2 protein chains.
Amino acid sequence: VLTQIVDLVRRDDANSRPQLEALTGLGRAVVNERLADGIELGVLEELEAMPTTGQRGRPSRTVRFRSDAGVVLSACLGAVSLHAAVSDLAGNPLGRAFRRINVADGPRPVLGSVQTLFRRLLARVDGDTAVWGIAIGVPGPVEFRTGRVVAPPIMPGWDGYDVRDHFYRRFGAPVWVDNEVNLMALGEWHRGEPREGRDLLYVKVSTGIGSGLVTGGQLHRGDSGAAGDIGHVRVTADRRVHCRCGKTGCLEAVAGGWALQQRLEAVAADGTSSALAKRLASHGHLEAEDIGLAVAEGDAVARSAVVHSARVTGQAIAGVVNFANPGTLVLGGGAIRHGPLFFEEFRKSVLEGAIELAARNLTIRQASLDFNEGTIGGSILAAENLLRPQALRLWLADGNPRVVAEQLQGAA
Amino acid sequence: VLTQIVDLVRRDDANSRPQLEALTGLGRAVVNERLADGIELGVLEELEAMPTTGQRGRPSRTVRFRSDAGVVLSACLGAVSLHAAVSDLAGNPLGRAFRRINVADGPRPVLGSVQTLFRRLLARVDGDTAVWGIAIGVPGPVEFRTGRVVAPPIMPGWDGYDVRDHFYRRFGAPVWVDNEVNLMALGEWHRGEPREGRDLLYVKVSTGIGSGLVTGGQLHRGDSGAAGDIGHVRVTADRRVHCRCGKTGCLEAVAGGWALQQRLEAVAADGTSSALAKRLASHGHLEAEDIGLAVAEGDAVARSAVVHSARVTGQAIAGVVNFANPGTLVLGGGAIRHGPLFFEEFRKSVLEGAIELAARNLTIRQASLDFNEGTIGGSILAAENLLRPQALRLWLADGNPRVVAEQLQGAA
């Protein structure tokens, strides 16, 4: 009942005692008691409304959700990037940080960087604010239930690593660990523009290629949390195309950012493209932005490589669109730094390859949250889980994030 | 409230007035009133329990769901097959019928065959029993909301055909139209063996190739009902492989039953395989069973063609398994008539191609309902929809299937 009341207020469906009574069908005494619980917990507050001129009787009071009752921390790891944020309980960012990493360095140094950013972000917000929960996205398969990384192709040293326990030990709060693309999909579904509310497929083309499906407002995680892993579907029988996962012919080995950069660095080194050679000479390797600049300058080699990547990816995603039939398809990741060419070719290939019924009402757009969709999705994931009935009961019974984590997630 | 009571009784969670009061939290008067509604509607009945020796006081009464209050009709169309059934409101078949058809003959003759089978099935059950609802599965994309077929690759003459209206006009009952593989997936999820209750991906390999995903007990239909359409994903860049959909290189053009039969009929005609030549001579074409028998006899050409089909299909499904991460994968359709070879090769290819987290707890099995999963799934789909709150209210207000259909589906 407390949850129901918190939810109605949080979603702005009710903001007064009489409204809560009407919507829940509960009596005044019960509503008052539950409101008192929510106020004690800090997630609800009651405000005296401004008296209106000529108003008679007692001033009315407004019930409000206190999104500032606590904060959540979220981090989103890519192969070479780390975004982190501190947010309120409504998922609104209060602070953000970014750092370059190499996920292949293994869990301890990489998660050490996450901790450093978390500490800095916390130092910037009010020191008294409790960390209610933490969400971590990693670029590999995650068993969501246990928070463990499982056989990740591009994360050497991480197999079986208990990311949840790592953060629980250091921050003493409940921790949710998920594939990073799932968090991005959730972020775009909740806060992306335009907001459509239809099933959303988020495709991340960066170093690797992954996807996440939000259906009916919920992430489709599948039976063991592996859902959305499309990078290692075989797109060519050519066994010379080696993927970092150990197999051959995988989508990301043909079309991912890592493959594209390898190919274009070779081309740059042998002098076929002066635009790319210039950039390779300037900092020793090529990045998505370098390729994007070469494309913008009209470099034929860069253009043709980007078009090839975009088409192969689009064809594979057409198959996923046929299977999942989303209403919205969002392209995110470093590939959008290649400039409009990649997106346009990707879009065309998806529409060419998809069947009519799946294609005709499909919105295809680029990610709209400036690479923050992962930390936004993470903060929403943590907040939603923290405000569920079971969690709210635990908060009310004790109020110590460590105890809530132990009870909620069986953390040791 | 009526629905809640019907549901509790239907699912065997409660079978007496005191249990209903306890589980719903409703007072005795309200429960009695709603029970009376359910009894008037015919879906509930109250039975005097057998008096136990030595029992004191009034004999207790049992409330029971009357699955025989009405019947539902279901039909499942393949490219060349039609299964039909009449079932009770719990989805238990009361009668079944089968006929060979050619879906390419167009909607009127094909749906005429469905009507004929429906009439025959109805003649076999009690003539007074009202048809409460109808479910039709067709081998093409369906806009579930409107019951219309949309741009079906193998159903010439069906594009835009209003299958729902066709049956509403003839039977005057609510009609649900869906892709036939969706109905099969639903049937196997509810009644297949072993029952696991986890997310289930059903893959039908027959003339064409399609799939259906049941997640959290519900069909994933996608934004426009196209979900599961995997037959037309491109698996080869070879533009000589023409698909019946008009594109080239589609999965079903390479590995579907139609492609396999075309290829083996050519081989049989040129004399490379005596086993196949014999069967081609006996009835002018090859069927799945003929290929199965040649495989069983050890015919090398038939074996290698079946292995190729199974591997290509398995590789494509590995990609779907990575994306959807089901707990159970069911292979159905004519391909299982090719004998164990197809299934074994399919199974191996799926496990080889899927990532570890998606493969390690995956159950892979053959369809277990002897080609009746489509009509079973259809009857369950219709019954579940008929017993939803909105529908029950309509039944109670009028009780005429025609009126319910008009109100529920906006049929004209």
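Since the structure is predicted, the reported quantities are computational estimates derived from the model, not experimental observations. Letters A, B, ... are given to chains in the order of the sequence lines, protein chains preceding strands, and every chain is numbered from 1.
Rounding to the nearest 0.5 Å places CG of B/Asp159 at 6.5 Å from CD of A/Glu356. For the atom pair CG (A/Asp199) and OG (B/Ser224), the distance works out to 10.0 Å, reported to the nearest 0.5 Å. Rounding to the nearest 0.5 angstrom, the gap separating the CD atom in B/Glu352 from the NZ atom in A/Lys247 is 8.0 Å.
Comment: A/Arg360 engages B/Glu143 in a salt bridge, judged by a side-chain N to carboxylate O separation of less than 4.0 angstrom.
B/Leu213 is listed as a side-chain neighbour of A/Phe323, based on a closest heavy-atom distance under 4.5 Å. For the pair A/Pro326/B/Asp223, no side-chain contact is recorded, criterion being any heavy-atom separation below 4.5 Å from C-beta on. Side-chain contact between A/His220 and B/Thr215 is present, with heavy atoms from C-beta onward closer than 4.5 Å.
Among B/Val320, B/Asn361, B/Val233, B/Leu251, the residue with the largest count of heavy-atom pairs under 4.5 Å with chain A is B/Val320. Counting heavy-atom pairs under 4.5 Å between each of B/Ala226, B/Ala358, B/Ala354 and chain A puts B/Ala226 at the top. Ranking A/Gly225, A/Cys250, A/Gly222, A/Gly231 against chain B, the residue ahead of the rest is A/Gly222, based on heavy-atom pairs under 4.5 Å. Among B/Ala324, B/Ala151, B/Pro141, the residue making the largest number of heavy-atom pairs under 4.5 Å with chain A is B/Ala324. Annotation: maximal heavy-atom pairing with chain B below 4.5 Å, among A/Pro153, A/Gly216, A/Gly228, occurs at A/Gly228. Of the residues considered (B/Ala227, B/Gly327, B/Ala318), B/Ala227 shows the highest number of contacts with chain A, using heavy-atom pairs under 4.5 Å.
Looking at B/Val321, neither its backbone nor its side chain comes within 4.5 Å of chain A, counting heavy atoms on both sides. Only the side chain of B/Leu201 has a heavy atom closer than 4.5 Å to any heavy atom of chain A. Only the side chain of B/Ser211 has a heavy atom closer than 4.5 Å to any heavy atom of chain A.
Within residues 304-311 of chain B, no residue has any heavy atom under 4.5 Å from a heavy atom of chain A.
Only one option out of A/Val150, A/Val142, A/Asn179 pairs with B/Leu357 in a side chain to side chain contact (heavy atoms under 4.5 Å, CB included); it is A/Val150.
No donor-acceptor pair closer than 3.5 Å links the side chain of B/Asp229 to the backbone N or O of A/Asn322.
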